Amino acid sequence: MAALNYFEYMRDNIVDILNDLVVSGNLPQSQNFKQISVEPTRDKAHGDLATNAAMVLAKPSGLKPHDLAGQIVAGLLQLDCVLSAEVAGPGFINIILVDSFWHARLSEILDAGISYGETKLDEPKSVNVEYVSANPTGPMHVGHGRGAVIGDVLANLFSKIGYNVTKEYYINDAGNQVDVLARSLHIRYLEALGIDVGEIPDGLYPGEYLIDAGKELAKKDGSMWQGEKEANWLKPLRLFAIDAMMKLIREDLLSLGVVHDTFSSERNLVESGGVDEIMTILEDRKLIYEGVLSPPKGKRLDDWEKRPQTLFRATLFGDDVDRPIKKSDGSWTYFATDMAYHLDKFRRGFRVMINIWGADHGGYVKRMQAAVKAITKKDGELDVQLCQMVNLMDNGEPVKMSKRAGTFITLREVIDKVGKDVVRFIMLTRKNDAQLDFDLTKVLEQSRDNPVFYVQYSHARCCSVLRQAMEMFKVEEISIAALKNSNYKNLTDPGELALIKMMAAWPQTLKGAAQAHEPHRIAYYLHDLSASFHALWAKGSKENTSLRFLVEDNPPLTLARLAMVKSLAMVIASGLEVIGIEPVQEMR
RNA sequence: GGUCCCGUAGCUCAGUAGGAUAGAGCGAUUGAUUCCUAAUCAAUAGGUCAGGGGUUCGAAUCCCUUCGGGAUCACCA
């Protein structure tokens, strides 16, 4: 049984009412209902839900908003689930649903458990989320970690709403950087053989992470590359280095709980002729030409030279200038291989592609979207989510990092210090295009301003109540099946209903976050849900023991509240599952 | 100079693709612990949504413009 999305449910009801009005001649035919929305009221005094239906349809139908609203209200009042409906303001219809409607959600949640809110699609769509794709030239840093979490959670969101999702990593193993990597490894290799290599030359990677790789290579191959020409060792060392770095990166990802379904290699794509193929296709469509770009407008003219280049007509697809696809040495630019890569994705059946990039690649978005339009003949769509920098802090002070001074803090070090769950949650506490301060001290504090703790604590409190309940009831009396049969009519406190309503909004929250590509909404939702629970908890004070969850002289009331508490634990667990975090049972 | 992102309470930020009287947390002030974990909660104070114009029933949200901050700008990925 699929859980009810009450926004969609009420919208469907309203559309039915409108269709009836059309049939009865009270509303002109062929109205466009697309603009109609059903939303939570901002001010709860206005009711549970509001719809703009009358305002949206008033003008095209030639009716006064209030007259049309009155007719819709009449229809709404016929529904069993509607307690009240009234016209307000410029033509809003405010709706209050009966308590029993909300109580019924608890049964749904208890039935569904952690899968509450999931949707199954009859014909599942496919979506490809490509994220991390860090160059295989070293361990991951904290910024990569943010992209990893955002991509991973976004992919989880799509799974939850019924899509077939592929989590993909694109290995940039074909450009200059991996040659540099190979040369850097060569130095470390010589070092491992006991040769004094001195300082690592400028332009090579000085990172210590290559020392181990150098030792391994020396162990495997002995001294066979010593004294050889670069042309002889470059390729095998490159392969060795990339393997070593990808192993490192996969370990980093695993420690963050991120596992990709597919790793695509840029080099494979080039060597298998994928780029040649896309170029032939584009040439046939006259989208490639030899030309000279005009210099960028502005002051940066110092080293500009007029140079004929092989260009892609990106301007035909919304980009600002045409883009080069070949370097002067004849090899493909990154853009060229990226076009081939996205064609490959499209051919694998992904009409919807989402890429997570660092904000420093923002200037690249337009051209890639232009390219996708061109190669898929506008059949595919690419959305790029940019994630901004993470500022690592320690107790309010920025952490100074320098690769040269060796004070660079890797993602792995942060995970080891604060734990993967904390990292995953904190990465979602800002929308992805805003900079994020990550304070290594504060995220471990057990206080209200640590959102991870705050949410986990609410789950732990649920568990605590359920543990305590064992003293009042036998185990079978508070099984899920038994709780489902409790008398929900006992749940009448505004705080209780507010909490249940928020739980009932989970399916819509999930869907909205997925469709808007905004995983951070889940973290905010969980925080709000927890706040609602903590507030209710505090109501059961010494003066008002009747609002405690466990009321010893009233077992039926207590069982209903246990059903609510159990449901809440399930919704929180469901939300944490999307984020990729284990809920905790207790915190002591 | 071009392009993109951003500008919301003293601070850090939300604002559910245009909805009603703009919301949280921190900080400040004042309260609540014989109680299921007070690691929490409640209340008060705090705003020209950077400024100006426009679009419409209605704008923090969309368009134009000015100011301010950031990213990026042909053969790096």
Side-chain angles (χ1 to χ4, degrees), chain A residues 7 35 37 39-43 45-46 50 52 55-56 58-59 65 88-92 94 133 135 137 172 174-178 266 292-300 304-305 307 309-311 319-331 333-335 337-338 358-366 386 388-389 429-431 433-435 437 445-451 453-454 457-458 460-461 464-469 471 505 508-509 512-513 515-516 518 520-521 524-525 527-528 531 534-545 548-551 565 586-588:
Chain A
F7 298 97
Q35 295 285 318
S37 68
E39 297 173 9
T41 52
R42 186 171 290 178
D43 184 343
H46 291 144
N52 62 358
M55 287 183 290
V56 171
K59 204 170 195 181
F92 283 103
N94 292 330
S133 299
N135 291 333
T137 54
N172 299 127
N176 276 330
Q177 297 192 23
V178 285
E266 180 186 5
V292 179
L293 288 175
S294 41
K297 289 163 192 159
K299 43 193 167 181
R300 289 178 64 261
W304 174 265
E305 56 177 283
R307 171 167 12 116
Q309 287 176 301
T310 310
L311 299 166
D319 200 0
D320 305 314
V321 287
D322 292 338
R323 302 293 183 176
I325 54 174
K326 267 189 184 174
K327 302 182 202 168
S328 48
D329 67 359
S331 65
T333 61
Y334 179 75
F335 180 52
T337 55
D338 229 356
D360 54 337
H361 289 61
Y364 196 75
V365 174
K366 261 193 187 177
L386 297 176
Q388 273 287 356
M389 297 199 309
T429 53
R430 293 282 175 273
K431 55 185 174 196
D433 55 359
Q435 292 196 11
D437 289 345
E445 274 173 17
Q446 297 200 332
S447 72
R448 205 199 153 105
D449 50 329
N450 177 1
F453 168 77
Y454 189 76
Y457 186 39
S458 65
R461 275 184 153 175
S464 172
V465 172
L466 293 163
R467 275 195 303 270
Q468 296 287 332
E471 290 180 13
Q508 173 61 23
T509 302
Q515 289 178 341
E518 292 185 354
H520 72 276
R521 288 189 197 178
Y524 280 91
Y525 169 79
H527 187 272
D528 290 348
H534 287 312
L536 191 55
W537 180 287
K539 275 191 176 183
S541 64
K542 63 171 179 188
E543 291 128 32
N544 198 350
T545 49
R548 297 181 56 163
F549 298 112
L550 304 171
V551 185
V565 169
E586 60 179 330
M587 320 183 86
R588 286 208 184 256

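Given the structure is predicted, the values throughout are model-derived calculations rather than measurements. Below, read A as the first sequence line, B as the second, and so on, with proteins coming before strands; counting in each chain starts at 1.
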Name the pairs: protein N/O against N/O of nucleotides 54-59 of chain B, kept only if under 3.5 Å.
residue, atom, partner, partner atom, Å
B:C57, OP1, A:Lys59, NZ, 2.6
B:C57, OP2, A:Lys59, NZ, 3.2

**Item:** A:His46: ring pair (Phe, Tyr, Trp, His ring centres under 6.0 Å) partners, not counting sequence neighbours
**Value:** none
Of the nucleotides [options], which has the atom closest to the [X] side chain?
| X | options | value |
| --- | --- | --- |
| A:Phe92 | B:U21, B:A77, B:G19 | B:G19 |
| A:Tyr524 | B:G19, B:U16, B:A14 | B:A14 |
| A:Arg521 | B:U16, B:C75, B:A20 | B:U16 |
| A:Phe453 | B:U40, B:C6, B:U21 | B:U40 |
| A:His520 | B:A77, B:A14, B:U3 | B:A14 |

Taking any strand in view, what nucleotide pairs with [N] in a Watson-Crick or G-U wobble way, both distances under 3.5 Å?
| N | value |
| --- | --- |
| B:C4 | B:G70 |
| B:A60 | none |
| B:U29 | B:A43 |
| B:C49 | none |
| B:A24 | B:U12 |

How many Å lie between [atom1] on [X] and [atom2] on [N], as a whole number?
| X | N | atom1 | atom2 | result |
| --- | --- | --- | --- | --- |
| A:Leu293 | B:A74 | CG | C1' | 6 Å |
| A:Asp320 | B:U3 | CG | P | 7 Å |
| A:Lys326 | B:C75 | NZ | C1' | 12 Å |
| A:Trp537 | B:A32 | CH2 | P | 21 Å |
| A:Tyr454 | B:U40 | OH | C1' | 8 Å |
| A:Tyr364 | B:C76 | OH | C1' | 11 Å |
| A:Gln309 | B:C76 | CD | P | 10 Å |

**Prompt:** Which glycosidic conformation, syn or anti, is assigned to B:A17 if syn requires a torsion within 90° of zero?
**Reply:**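 Chi for B:A17 falls in the syn range.
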Using atom [atom1] in both nucleotides, what's the gap between [N] and [M] to the nearest angstrom?
| N | M | atom1 | value |
| --- | --- | --- | --- |
| B:G27 | B:A74 | P | 47 Å |
| B:G31 | B:C36 | C1' | 23 Å |
| B:A17 | B:U21 | C1' | 24 Å |
| B:C67 | B:C76 | P | 36 Å |
| B:G53 | B:U16 | P | 25 Å |
| B:A77 | B:A14 | C1' | 34 Å |
| B:A9 | B:G46 | P | 14 Å |

What's touching nucleotides 67-71 of chain B from the protein side, N or O pairs under 3.5 Å?
residue, atom, partner, partner atom, Å
B:A71, O2', A:Ala359, O, 3.4

Base, sugar-phosphate, or nothing for [X], non-hydrogen atoms under 4.0 angstrom?
| X | answer |
| --- | --- |
| A:Ala469 | nothing |
| A:Glu445 | nothing |
| A:Tyr525 | nothing |
| A:Ala505 | nothing |
| A:Pro40 | base |

**Request:** Could you check A:Leu386 against A:Ser328 and say which one's nearest nucleotide on RNA chain B is further toward the 5' end?
**Result:** A:Leu386
Is there side-chain contact between [X] and [Y], with heavy atoms separated by less than 4.5 Å?
| X | Y | result |
| --- | --- | --- |
| A:Pro40 | A:Phe7 | yes |
| A:Met55 | A:Phe92 | yes |
| A:Arg430 | A:Gln388 | no |

**Asked** Under the 3.5 Å rule, do the base of B:A74 and the side chain of A:Arg307 count as making a donor-acceptor pair?
**Response**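 Yes, a donor-acceptor pair under 3.5 Å.
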**Prompt:** B:A77 base to A:Asn176 side chain: any donor-acceptor pair below 3.5 Å?
**Reply:** no
Heteroatom pairs (N/O) under 3.5 angstrom, protein to nucleotides 8-12 of chain B:
residue, atom, partner, partner atom, Å
B:U12, O2', A:Arg430, NH2, 2.6

**Message:** So, does A:Arg42 get its side chain near the phosphate of B:A20, meaning an N or O under 4.0 Å from OP1 or OP2?
**Reply:**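 Yes, such a contact exists.
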**With A:Gln177 via side chain to side chain donor-acceptor pair (under 3.5 Å) - residues at least two apart** = A:Asn135
Dump the pairs, protein N or O against N or O of nucleotides 24-27 of chain B, anything under 3.5 Å, distances to one decimal.
residue, atom, partner, partner atom, Å
B:G25, OP1, A:Arg448, NH2, 3.3
B:G25, O3', A:Arg448, NE, 3.4

